[in-house]
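Let me begin by presenting the structure, written as structure tokens, before commenting on it.
Both ligands and their constituent atoms are indexed starting at 1 by order of listing.
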Amino acid sequence: MNIEMADLRRQYHRLKPEIDAALQEVLESTAFINGPQVKSFAVHLAEYLNVPHVIPCGNGTDAIQMALMALNLQPGDEVIVPAFTYISAVEAVAMLGLVPVLVDVDPETFNLNIEQIEQAISWQTKAVIAVHLFGQLCDMQPLMTLAKRYHLYVVEDNAQSLGAECLYPDGKTQKGGTIGHIGTTSFFPSKPLACYGDGGAMITPDDTLAETLRQIANHGQISKYNHKIIGCNSRLDTLQAAVLEIKLKHLKAFNEARIRLAQRYDEGLKGFDAFVLPVKSPFSTHLYHQYTVQVKDGQREKLQAWLKGKGIPTMVYYPLPVQAQEAYKWVARSASDLSVATRLSKEVLSLPIHSELTEEEQNYIIDSIIEFWKK
Ligand SMILES: *Cc1c(COP(=O)(O)O)cnc(C)c1O
């Protein structure tokens with residue numbers, strides 16, 4: 001058996017005729033920069049998300065940085081970020097001379113603990129970056145209420161949960177990335193919607209912000225060689241847009257495949273006290289970009305080695321919380337003891353889950369984990 005954390009080759013082979021034809025078309029057209037596929041992909045993604053504006057860009061980290069630039073924050077302004085996250089959100093904040101303020105995460109969803117945000121707010125706080133980790137959204141409704149009360153901008157980093165929906169008490173739903181002022185995402189090859197290189201996008205319901213984001217991504221230009229604001233150069237390649245056009249049509253199926261696999265893991269792996277399964281929150285759908293368990297009693301490294309010996313890859317997302325990262329020790333301010341982030345970094349383990357994983361492979365993974373706990 002050849003089990004991968006994300007099986008890009010198998011997926012490519014399944015979609016090969018469609019993908020190859022789309023790439024061939026771009027090669028023949030030679031419209032490598034800003035070809036028609038970039039625009040049509042943006043339109044189709046906006047339709048899928050039910051939001052007025054999608055602005056493609058170079059990658060998911062640029063997207064966060066440009067979102068913060070568009071909000072016109074000033075050096076020294078504070079931006080609330082989760083302490084347990086991929087680093088991009090914190091990095092973008094620090095790059096712009098803003099101050100990352102670390103807030104602890106919820107022990108069940110691993111996302112921002114909304115109850116701890118209020119105590120982190122100072123007179124310099126201007127924005128919150130809600131990172132939607134592993135396939136489910138932060139608790140957006142109370143976050144937006146809080147943001148309104150304190151006049152904060154909300155940026156949603158939705159690199160890992162594109163397609164996940166916020167579930168409101170009245171039964172309405174809204175796609176993640178479209179709820180705050182600006183949403184961002186990444187099309188890095190392992191993400192839920194992925195291309196064959198780097199790519200990203202910014203998402204916004206706001207016409208004015210959309211215009212500013214478009215300008216920032218294109219050197220701050222309002223017309224050719226006329227630069228109104230400081231911008232950067234961050235584009236989605238036409239070749240990548242062509243791949244994304246195809247994969248967007250399959251996104252629902254990719255997400256559903258992982259949800260089915262997650263249900264099988266839930267069923268097959270329950271009943272071990274030191275092995276805590278993922279919790280699905282009541283306020284978001286869960287797309288299981290990662291199936292992340294918590295391994296107690298210091299057993300994580302032993303379990304990981306055991307599985308490795310059986311040819312089963314696993315990953316630790318993320319082994320160090322932000323407050324323990326060398327680069328941010330003196331840059332970030334901590335709003336609390338961040339004990340949940342610290343504990344999770346020692347206990348989390350992500351199991352293989354992707355659209356191409358077969359039930360046979362998954363049964364082997366489940367059996368191997370059970371064998372570890374029973375031995
Ligand atoms: C992957 C990822 C990013 C960064 O995306 P890039 O396209 O690699 O820059 C940002 N935030 C989160 C949560 C991610 O998972």
Side-chain angles (χ1 to χ4, degrees), residues 5-6 8 41 45 54-69 79-96 100 102-103 105-106 109-112 127-138 140 154-164 176-177 180 182-203 216-217 232-237 239-241 243-244 247 254-255 258 284 286-292 315-322 325 327-328 341 344-345 348 350 353-354:
M5 280 304 282
L8 304 181
F41 165 64
L45 182 57
V54 166
I55 300 113
C57 65
N59 60 68
T61 308
D62 278 5
I64 302 171
Q65 186 181 321
M66 291 189 284
L68 295 170
M69 288 167 78
V79 180
I80 290 171
V81 290
F84 184 73
T85 181
Y86 186 62
I87 207 66
S88 294
V90 191
E91 186 178 44
V93 169
M95 278 279 279
L96 295 172
L102 307 182
V103 164
V105 293
D106 178 88
T109 64
F110 314 142
N111 281 328
L112 264 180
V128 180
I129 302 182
V131 182
H132 303 314
L133 275 190
F134 302 156
Q136 70 182 335
L137 306 178
C138 296
M140 289 306 288
V154 174
V155 174
E156 295 175 73
D157 175 359
N158 203 16
Q160 297 190 7
S161 306
L162 202 70
I182 304 176
T184 65
T185 196
S186 163
F187 307 124
F188 184 85
S190 62
K191 306 284 165 157
L193 179 60
C195 59
Y196 294 151
D198 280 308
M202 301 168 288
I203 300 155
I216 290 173
C232 44
N233 176 26
S234 187
R235 287 185 290 244
L236 180 68
D237 290 346
L239 283 165
Q240 302 304 347
V243 172
L244 289 164
K247 291 235 214 156
F254 294 157
N255 287 342
R258 287 196 313 278
S284 168
H286 198 328
L287 304 177
Y288 298 95
H289 171 58
Q290 301 296 344
Y291 189 91
T292 303
M315 287 292 284
V316 173
Y317 305 116
Y318 297 95
L320 275 183
V322 179
Q325 298 285 356
Y328 297 99
L344 289 177
S345 66
V348 286
S350 298
I353 190 163
H354 54 77

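Residues Q240 and D198 approach most closely at CG-O, 3.9 Å, considering heavy atoms. Closest non-hydrogen pair, S345 versus P319, comes out as CB-O, 3.5 Å. Looking at every heavy atom in both residues, Q290 comes nearest to S350 through OE1-CB, 3.8 Å.
From the protein, the heavy atom lying nearest to atom 13 (C) of ligand 1 is D157 OD2, 3.4 Å. Closest to atom 9 (O) of ligand 1 among all protein heavy atoms lies T61 OG1, 2.5 Å. The single protein non-hydrogen atom nearest to atom 4 (C) of ligand 1 is S88 OG, 3.3 Å, given as residue, atom name and distance.
Under a 4.0 Å criterion applied to the non-hydrogen atoms of S186, ligand 1 contributes the atoms 5 (O), 6 (P), 7 (O). Distances below 4.0 Å separate heavy atoms of N59 from the following atoms of ligand 1: 7 (O), 9 (O). Taking every heavy atom of V131 and a limit of under 4.0 angstrom, the matching atoms of ligand 1 come to 13 (C).
Looking at H132, H289, K191, E91 and measuring to atom 2 (C) of ligand 1, the nearest heavy atom belongs to K191.
The line from CG of L102 to OH of Y328 is 11.0 Å long, rounded to the nearest 0.5 Å.
Relative orientation of the F134 and Y317 rings is tilted, given thresholds of 30° and 60° on the angle between their planes.
Polar contact check, F188 against ligand 1: no nitrogen or oxygen pair lies under 3.5 Å apart.
No part of T184 comes within 4.0 Å of ligand 1, judged by heavy-atom distances.
The ring pair (Phe, Tyr, Trp, His ring centres under 6.0 Å) test applied to F187 returns F41, not counting sequence neighbours.
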